[in-house]
Each structure stands twice: as structure tokens, then as C-alpha cells.
Amino acid sequence: MKLGCIADDLTGATDLALMLAREGLRTIQTIGVPRADLDLSGADAVVIALKSRTNPAQEAIEQSLAGAKALKAAGAQHLFFKYCSTFDSTDEGNIGPVAEALLAFTESDFTLACPAFPANGRTVYKGHLFVNGVPLHESSMKDHPLTPMRDSNLVRVLQRQTKLSVGLVSYEDVEAGLDAIRTAFEREKAAGHQIVIVDALSDAHLRAIGLASADLLLMTGGSGVAMGLPAAYRQTERSTAPISSTDFDAPAGRSIILAGSCSSATRGQVKAALEAGIPALRLDARDLASGTMTAQMALDWLKAQPANVPALIYSTATPEEVQTVQSRLGRMNAGEIVENTLAEIAKALPALGFTRLIIAGGETSGAVVNALDVDALAIGPEIDPGVPWTRSLAGSDLALALKSGNFGTPDFFLKAGNMLR
Ligand code: ADP
């Protein structure tokens, strides 16, 4: 295994796994630390999805180290710590503390931190992170409920989180290419820095950074900076065997869409599916709370639908509707009621012959994947940026598309279904 990755959330892990698979590495994603008996021998890369982004730093460190140990035991030559391209964190962590712990684990003294993902509008210039051209501290991330980002200078942000000395490799070095980046790494090391923020404004920058970093035992960043690694590994590969991307084959069976996301992209996708005439059942959180609607009733509805077309079950609602529900039931309670119902429905699906599942929503995906006892995924073709088809590697044989709420074009559900025909 060339690369062992630890991601701090589920849809971020899928995003990284897709990036590596697309660039030619046979990639497996696991939900949590892989079971000891899971066969990882055919993988060039393994991505472990944790849920550690907003945990107390010590917990995030412990989970990440457990992942690192499992990856090393499975033969990983390099480690990659993946976090969000908006550098979601607080002064307490968890990017700094986890990077520090993993650097010590690999017994190395230098790594980089590069969240840039130009294809999704995230660029880093002179150490400052921009979101679609707006400095991070002026973007909507300034109001994030859990990790408000009020400083766009990542050298300062990261330095507040870690005892490691933080340096900067800026645009001029990156633009000058591979040799200049390597020289800049040496310069920063000589200046006593153990971790450097690296500027990147384009995919060409990310590929050059990947090539320059391929020897590092630990890299940290968004999925973007992993883009150059597969090519770098191929260059250093002694064997002549080409690294092929994962072959993808979906199991035969019925298709279903479960949407628990209320994000605007998902609302548009649900609307497009309804307009296309897909049989659909809407779940209202108040009905679920009162028992007027149950998972069993939804399953009875599902059984009555034609087998040759996908079905849609959704709780997707407008912000106004969500607010009304939340004021009645409480924010966390409303979310939990919906997640639990979708998870209960999901649990019954394999026995009903449903093998192709499209799930909309990050938290929703986590709840559904847990209920299905899926603990490892092979990465298949890309449906839209950041969202691949995946196939379960143990338990029920399922094809799963796990979509973060705001990803995907309006026809995502239909497009995803059609890809499997
Ligand atoms: P996204 O990726 O769009 O953020 P998530 O699945 O992560 O989607 O989060 C959506 C949250 O909203 C989940 O906890 C879900 O259970 C909850 N939810 C879904 N539908 C409703 C609704 N109609 N009313 C209140 N909460 C809802």
C-alpha cells in the first residue's frame, strides 16, 4: 500500500478516495478503523473515514493514531491526514494537534498543510485561504456553527493550534515548480519549521506540490493536494505493473434514493426527481414524532411501488419548514428523529431486493451506512465532482452513492441511476 489516509469526516473521505481512484490508485475506503480481517492487500491506497472534526482534540488524536497504526500494520508507506478545504477547526484543533501526533508517529520532522482545492474555489495565496475569491474570514465560514473561521491567515490559524513551528512556502516557489518547491522545503526546515502552509492557485500547482512531497512520510491537506501523488508514485515505482483504476460493477437489484439533506442543491435534486415522475414519499418530521408516519409504513409504501423504476423517500424541506419543525421539536431532536427513521428504512432494504442506494446528506449518509453495517467501500466512477459510486466490500452487496448535501447538479439522482444501466 502506497498511501494510508485518515479523513476527519465521511463525505470528505469519499471525496479523497475518489481523487486517488481517478488518478489511478486502487482505493478502498473504510468507515472507521478497518477490522483486522478486512483484506486490504489489493489496495494502493486506503482511506479511513473518521468522525473526528469537532471532537475534543485528545479524542481526535486517539482515533487518528488508531487509524495510523492500522494503516501501518497493513503496509502503508506514507500517511495522509485529510481535513476540509476550508480548514474547519478552532484554536483548540483539531488540525494542529492531529498533525503533530501523526508527525511523531511517523518519526519524521517535516510535513506540509495545504487545503487548496481550486476546482471547488479554494485557493491559498501568501498563506491566506480564499473561498471563491473571498478571504476565508469574510466567507460564510465566518458564521459556521461549530468551527467559525475568523482569520484567513493559515500560518497564524495553525500556529495557534500547535507546538510545531509553522512556516510558509508561497506562490513564487510553487509557481517555479518541482525543484523550487523542494528547495523551499529545505529552506523552511533549516529555519526550524516542522510544518509549512503551501500556497496553491491551480491544479498545476497541486500536481507540482504532490511530486515534491512524494517522499514525505506524512502529508496533510484537502483532497486537492493528493491529486499529484499517484503520478509521483508511478514515477518512483520500480515494478513495471501499471496501477489501474478500480473496475466498477453494480450488483443487480432495485434502486432507491433516500434524501435527508435540506441543502439547496438537494432541494433542487428532489424537485427534478418529482418532476421526472419518480414515485416519491415525503416524510414530515412532525408525523414521525407523533407516530402518524413510521419506518414500517414507509416500507409498506415502498413494497407497493413498481420494481423497474427507482423510488424516492425524502424529508427534504425548505429552511422555513425546517425552522417550524425545529421550534416544535428542537433542532437536535428533529434531526435525530429523521435520521433514525431513514436508518431504520435502510436496514430493511437489502432483504427487499434494493441493492443500489443513493443517499443525500452528510449526517444522513453516516446514519444509513451505520445501519447497513457497511464498513468498507470500493471507489467507482465519479457522478459529479466529489461524489463517486461506491460498492460495499463486506456484508450486503450494495452500490452506494453518498452525496454531501450541497454537491451535485439538479439531475444528480437521475444521472447517478443511469450510470449503472
Ligand atoms: P447536509 O449534507 O445537507 O448538511 P445532513 O444529512 O448532513 O445534510 O444534515 C441534515 C440534517 O437535517 C439531518 O440531521 C436530518 O436528519 C435533518 N433533517 C432532515 N430533514 C429534516 C426536516 N424536514 N426537518 C428537520 N430536520 C431535518
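The residues of the chain are indexed from 1 along the displayed sequence. Note that the coordinates shown come from a computational prediction; the quantities given were computed from them, not determined experimentally. Atoms within each ligand, like the ligands themselves, are counted from 1 in listed order.
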As an exercise, identify every atom of ligand 1 less than 4.0 angstrom from a heavy atom of [X].
{"X": "T364", "answer": "6 (O)"}
{"X": "G335", "answer": "14 (O), 16 (O), 17 (C)"}
{"X": "S263", "answer": "1 (P), 3 (O)"}
{"X": "A317", "answer": "23 (N)"}
{"X": "C262", "answer": "19 (C), 20 (N), 21 (C)"}
{"X": "E339", "answer": "13 (C), 14 (O), 16 (O)"}

Could you say whether the N/O atoms of [X] and ligand 1 ever approach to under 3.5 Å?
{"X": "G405", "answer": "yes"}
{"X": "V325", "answer": "no"}
{"X": "T316", "answer": "no"}
{"X": "S315", "answer": "yes"}

#### Entry: D300 versus Q296, side-chain donor and acceptor atoms under 3.5 Å
yes
### Task
Answer with yes or no whether the side chains of T390 and Q29 bring together a donor and an acceptor at under 3.5 Å.
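Q29 vs T390: no donor-acceptor pair found between side chains.
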### Message
Give me the nearest non-hydrogen protein atom to atom 10 (C) of ligand 1 as residue plus atom name, then the distance to 0.1 Å.
### Response
G260 O, 3.4 Å
### Query
Heavy atom under 4.0 Å from ligand 1: found in S261's side chain, backbone, both, or neither?
both
### Query
Considering E336, R267, E363, which one's heavy-atom position lies nearest to atom 5 (P) of ligand 1?
E363
### Query
Which option, V322, D9, V368, owns the non-hydrogen atom nearest atom 25 (C) of ligand 1?
V322
### Query
How long is the span from the CD1 atom in I359 to the CG atom in L372, to the nearest 0.5 Å?
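The CD1 atom of I359 sits 7.0 Å away from the CG atom of L372.
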### Query
Atom CE of M293 and atom OG of S315: how far apart are they, to the nearest 0.5 Å?
12.0 Å
### Query
Charged N to carboxylate O below 4.0 Å: is that the case for K2 and E23?
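The answer is no: the pair does not qualify as a salt bridge.
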### Message
Check E138 with K142, please: is the shortest side-chain N to carboxylate O separation under 4.0 Å?
### Response
no
### Task
Examine distances only and state if a side-chain atom of T27 and a backbone atom of L25 form a donor-acceptor pair shorter than 3.5 Å.
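Flag set: sc T27 to bb L25 pair under 3.5 Å.
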### Task
May I ask you to decide if G395's main-chain N or O and D373's side chain share a donor-acceptor pair within less than 3.5 Å?
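No, because the side chain of D373 does not come within donor-acceptor range (under 3.5 Å) of the backbone of G395.
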### Task
Using the side-chain contact (heavy atoms from CB on, under 4.5 Å) rule, pick out the option among V166, I197, I195 that qualifies with Q159.
V166
